[in-house]
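Data block below; observations after.
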Amino acid sequence: MRFGELFSESPQNGLYKPSTEYGTGTPIIRIDGFYDGVILNDYQCKRLRLTNDEINRYLISVGDILVNRVNSMPYLGKCGIVKHLNEKTVFESNIMKIRVKKEISFSEYISIYLTSKKGLSELRKNAKQAVNQASINQTDVSNVLIPLPPIQEQHQIVQEIESRLSVSDKMEESISHSLQQAEALRQSILKKAFEGKLV
């Protein structure tokens, strides 16, 4: 199915403001704020001064999918899904906001697919190349082909993937802890060796 058939409204490009407007005010999601399909948990949003009209026009909501539309090719098309918000938040101009029809598509499933090797290839297949950067537009994103099983199956796929990723994260944490222990032991051995305490 074409991605465009799943849009609940037209995709929207984000807000551009000069650096002089940054400092305090409304938080803004920038392209460094999401990776591997999700908004980073420890991401510290920059803030900028906006009117109420600007806030309402560029507001993001839980379930929105953000797509990096302008960047160097290795980062073009990276996605992030908005899973929670602590306050009203907007998004920057290099990002495209997408909302999908909830009755037939599960935004977490769409985000996971777009983050996959196949999904990224679809997003980038019509990219326009320029010096040191590339771009995709709303038509390019609309033409992305997405395998779309029934909505219940989409939920099941997401649950299975998240379960396996959780196991993977725990293994990574365990390995990291073991490596830290091994490095501490190595340093202890080296210290004893150079102090002449090894027998």
Side-chain angles (χ1 to χ4, degrees), residues 1-51 53-85 87-101 105 107-146:
M1 178 177 286
R2 286 178 59 254
F3 194 12
E5 297 177 60
L6 304 180
F7 296 162
S8 62
E9 58 187 61
S10 297
Q12 179 187 7
N13 295 341
L15 170 74
Y16 170 77
K17 285 285 185 177
S19 59
T20 53
E21 296 298 318
Y22 282 78
T24 60
T26 304
I28 183 169
I29 294 287
R30 294 156 59 90
I31 58 174
D32 58 348
F34 52 94
Y35 192 74
D36 280 345
V38 295
I39 308 296
L40 300 174
N41 287 330
D42 58 351
Y43 181 63
Q44 299 295 316
C45 289
K46 291 190 175 182
R47 293 175 178 268
L48 73 169
R49 294 181 292 275
L50 297 174
T51 66
D53 285 344
E54 288 173 323
I55 293 172
N56 292 331
R57 181 177 179 185
Y58 295 100
L59 196 65
I60 58 175
S61 301
V62 172
D64 286 349
I65 299 171
L66 306 180
V67 178
N68 184 193
R69 67 181 189 87
V70 180
N71 210 323
S72 58
M73 187 58 79
Y75 300 102
L76 183 71
K78 72 170 183 169
C79 301
I81 184 170
V82 181
K83 290 193 173 183
H84 65 272
L85 291 168
E87 58 184 302
K88 289 184 176 181
T89 304
V90 298
F91 64 110
E92 75 164 345
S93 60
N94 285 347
I95 298 171
M96 184 185 302
K97 179 183 74 176
I98 297 170
R99 290 178 177 166
V100 297
K101 299 174 182 176
S105 54
S107 54
E108 280 88 345
Y109 169 83
I110 302 298
S111 179
I112 288 173
Y113 172 72
L114 294 176
T115 304
S116 71
K117 185 176 180 179
K118 175 62 176 174
L120 280 171
S121 177
E122 279 288 319
L123 280 169
R124 296 169 179 168
K125 66 184 179 183
N126 293 316
K128 287 77 175 172
Q129 294 276 5
V131 178
N132 296 326
Q133 72 174 17
S135 65
I136 50 178
N137 59 33
Q138 295 174 1
T139 300
D140 299 329
V141 175
S142 296
N143 288 329
V144 166
L145 297 178
I146 295 182

With no hydrogens and no angle check, is any side-chain donor or acceptor of [X] less than 3.5 Å from a backbone partner on [Y]?
X: Asn143; Y: Thr139; answer: yes
X: Thr115; Y: Ser111; answer: yes
X: Arg47; Y: Thr24; answer: no
X: Ser116; Y: Tyr113; answer: yes
X: Arg124; Y: Gly77; answer: no
X: Gln138; Y: Pro11; answer: yes
X: Lys46; Y: Arg30; answer: no
X: Tyr75; Y: Asp32; answer: no

_Could you walk me through whether Leu59 and Ile55 satisfy the side-chain contact (heavy atoms from CB on, under 4.5 Å) test, starting with their C-alpha distance in whole Å, then the side-chain angles of each, then the deciding distance to 0.1 Å, before giving a yes or no?_
CA-CA 6 Å; Leu59 196 65; Ile55 293 172; 4.1 Å; yes
*asked:* I need the minimum non-hydrogen distance between Leu76 and Asn68, along with the two atoms involved.
replied: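 Leu76 and Asn68 have their closest heavy atoms at CD1-O, 3.7 Å.
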Spacing of [X] atom [atom1] and [Y] atom [atom2] [to the nearest 0.5 Å]:
X: Ser19; Y: Leu48; atom1: OG; atom2: CG; value: 11.0 Å
X: Met96; Y: Phe91; atom1: CE; atom2: CZ; value: 9.5 Å
X: Ile95; Y: Ile28; atom1: CD1; atom2: CD1; value: 7.5 Å
X: Phe34; Y: Cys79; atom1: CZ; atom2: SG; value: 7.5 Å
X: Ile146; Y: Met1; atom1: CD1; atom2: CE; value: 9.5 Å
X: Ile81; Y: Tyr109; atom1: CD1; atom2: OH; value: 13.5 Å

_A cation-pi test, strictly: NZ or CZ of Lys78 under 6.0 Å from the centre of the six-membered ring of Tyr35 and no more than 45 degrees from its axis. Yes or no?_
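No; the conditions do not both hold, so Lys78 does not lie above the ring face of Tyr35.
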_Distance-only side-chain donor-acceptor flag, Arg69 / Asn94, under 3.5 Å_ =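 Side-chain D/A pair, Arg69 to Asn94: absent.
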*Is a side-chain donor-acceptor pair under 3.5 Å present for Ser61 with Arg99?*
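A pair is found: one side chain offers a donor N or O, the other an acceptor, under 3.5 Å apart.
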*Within a reach of under 6.0 Å around CZ of Arg57, are more than 12 heavy atoms found that belong to other residues, nucleotides or ligands?*
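Open.
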*Could you walk me through whether Val100 and Ser8 pass side-chain contact (heavy atoms from CB on, under 4.5 Å), step by step?*
CA-CA 5 Å; Val100 297; Ser8 62; 5.8 Å; no
Considering only heavy atoms from C-beta outward, does the side chain of [X] approach that of [Y] to under 4.5 Å?
X: Ile136; Y: Val141; answer: yes
X: Ile98; Y: Val67; answer: yes
X: Arg2; Y: Leu145; answer: yes

*side chain to side chain donor-acceptor pair (under 3.5 Å): which pairs involve residues 126-137, sequence neighbours left out?*
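For residues 126-137: Lys128-Asp140.
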*asked:* Glu54 vs Lys17, test: salt bridge (Lys or Arg N to Asp or Glu O under 4.0 Å). Steps then yes/no.
replied: CA-CA 11 Å; Glu54 288 173 323; Lys17 285 285 185 177; 2.7 Å; yes
*Salt bridge between Glu9 and Lys101, side-chain N to carboxylate O under 4.0 Å?*
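No.
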*With Ile29 as reference, evaluate Ile39, Asp64, Leu40, Val90 under the side-chain contact (heavy atoms from CB on, under 4.5 Å) test and give the passing residue.*
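So, applying the side-chain contact (heavy atoms from CB on, under 4.5 Å) to Ile29 and each of Ile39, Asp64, Leu40, Val90, only Ile39 qualifies.
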*Set of residues satisfying side-chain hydrogen bond (donor to acceptor under 3.5 Å, both in side chains) with respect to Glu122, sequence neighbours excluded*: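 With neighbours one apart ignored, the set is Lys125.
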*Evaluation steps, side-chain contact (heavy atoms from CB on, under 4.5 Å), between Leu114 and Val144*: CA-CA 9 Å; Leu114 294 176; Val144 166; 4.2 Å; yes
_Quick one, Ser93 with Leu15, criterion side-chain contact (heavy atoms from CB on, under 4.5 Å). Give me CA distance, side-chain angles, the key distance, then yes/no._
CA-CA 4 Å; Ser93 60; Leu15 170 74; 6.0 Å; no
*Got a sec, which residues hit side-chain contact (heavy atoms from CB on, under 4.5 Å) with Asn56, two or more places apart in sequence or on another chain?*
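Only Lys88 meet the side-chain contact (heavy atoms from CB on, under 4.5 Å) criterion with Asn56.
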